Amino acid sequence: MSTDAPDDRPTAEQTPEAPEPRPEPAGGASRAGAGVRTGVAKLGWTRREPGSRRFPRITRSIARPEGGGRAAAGDAPAPARQWPMLLVLSLVGLGLILTAFDVTRVGTLLIGVALLVGAGLRWWLPSVGMLAVRSRFTDLVTYSVLGVVIVVLALMQQPSPWLELPFLDRTLHFTVD
């Protein structure tokens with residue numbers, strides 16, 4: 001090998017320098033302590049005004065879902081602030097325990113009912129805390145569809161189903177045969 005070959009590495013003049021950090025937006029330092037997110041001002045992203053419910057024209061971070069506020073006052077203990085989510089999780093946990101103890105039909109039925117309770121809470125309450133995942137419409141559709149499907153499947157569970165739907169029975173036998 002020859003050592004006379006040119007080196008392909010960039011020289012000091014050709015090396016690009018790291019970009020300079022963005023300046024903080026006007027008023028960002030004073031609002032950083034009072035704002036919702038402190039890191040947003042440092043990155044130069046647009047922010048909502050503290051009292052505004054309108055979203056920025058260009059969203060660069062995750063917006064809080066509608067109704068995602070606390071279900072109780074801010075000075076209340078954490079379980080009281082998140083009681084809708086704790087109610088749904090307690091029902092699902094009880095359903096899982098029943099399923100583990102071989103009471104599968106009642107356990108899965110309780111899991112489906114828990115999702116339907118979550119949909120009802122999401123619809124009737126203005127703020128449901130962590131039960132709000134996306135928009136109210138999306139949460140309602142998701143909780144309701146999953147809840148109804150789980151309840152129907154729990155009622156159709158073999159042996160001796162509590163609910164018989166003949167068209168689903170024919171579909172099952174057609175796909176198995």
Side-chain angles (χ1 to χ4, degrees), residues 31-43 45-56 58-165 167-169 171-172 175-176:
R31 282 194 276 156
V36 178
R37 298 179 192 102
T38 57
V40 174
K42 294 177 185 173
L43 295 173
W45 293 351
T46 59
R47 294 174 37 144
R48 287 189 302 149
E49 293 299 319
S52 172
R53 295 222 11 123
R54 296 180 62 200
F55 296 112
I58 299 173
T59 304
R60 302 205 187 232
S61 61
I62 298 173
R64 196 170 97 191
E66 172 192 342
R70 297 175 174 154
D75 58 346
R81 290 191 310 257
Q82 298 298 332
W83 71 266
M85 183 68 164
L86 290 175
L87 174 67
V88 172
L89 285 178
S90 298
L91 290 173
V92 169
L94 182 61
L96 289 173
I97 289 171
L98 289 174
T99 304
F101 284 115
D102 209 22
V103 189
T104 55
R105 185 173 311 193
V106 176
T108 53
L109 192 62
L110 191 57
I111 292 171
V113 168
L115 287 172
L116 292 174
V117 166
L121 289 173
R122 186 71 174 102
W123 186 23
W124 283 306
L125 295 177
S127 294
V128 290
M130 290 173 39
L131 193 60
V133 179
R134 290 185 173 75
S135 70
R136 181 167 291 186
F137 176 77
T138 304
D139 285 344
L140 280 173
V141 169
T142 304
Y143 292 149
S144 300
V145 168
L146 289 175
V148 167
V149 166
I150 290 173
V151 166
V152 168
L153 290 176
L155 293 174
M156 294 177 57
Q157 185 178 358
Q158 297 290 335
S160 66
W162 294 352
L163 174 69
E164 293 188 29
L165 298 175
F167 66 92
L168 287 178
D169 189 41
T171 304
L172 175 67
T175 57
V176 171

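No experiment lies behind these values; they were computed from the predicted model shown.
Applying side-chain contact (heavy atoms from CB on, under 4.5 Å) to Y143 and the options V148, L121, L131 leaves one that passes, L131. The only option from I150, L98, V151, I97 that meets the side-chain contact (heavy atoms from CB on, under 4.5 Å) definition with L110 turns out to be L98.
Evaluation of the side-chain hydrogen bond (donor to acceptor under 3.5 Å, both in side chains) test over residues 94-107, restricted to residues two or more places apart or in two chains, returns T104-Q157.
In this structure, T142 has no side-chain hydrogen bond (donor to acceptor under 3.5 Å, both in side chains) partners at least two apart in sequence or on a different chain.
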Identify each donor-acceptor pair in which a side-chain atom of residues 111-118 lies under 3.5 Å from a protein atom, sequence neighbours left out, and give them as a table.
none

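Annotation: the span from L91 atom CG to L96 atom CG amounts to 11.0 Å, rounded to 0.5 Å.
Across every non-hydrogen atom of L163 and M156, the tightest pair is O-CG, 3.5 Å. In terms of heavy atoms, Q82 sits closest to V128 at OE1-O, 4.3 Å.
Remark: the backbone N or O of V133 is paired with a side-chain donor or acceptor of D139 at under 3.5 angstrom.
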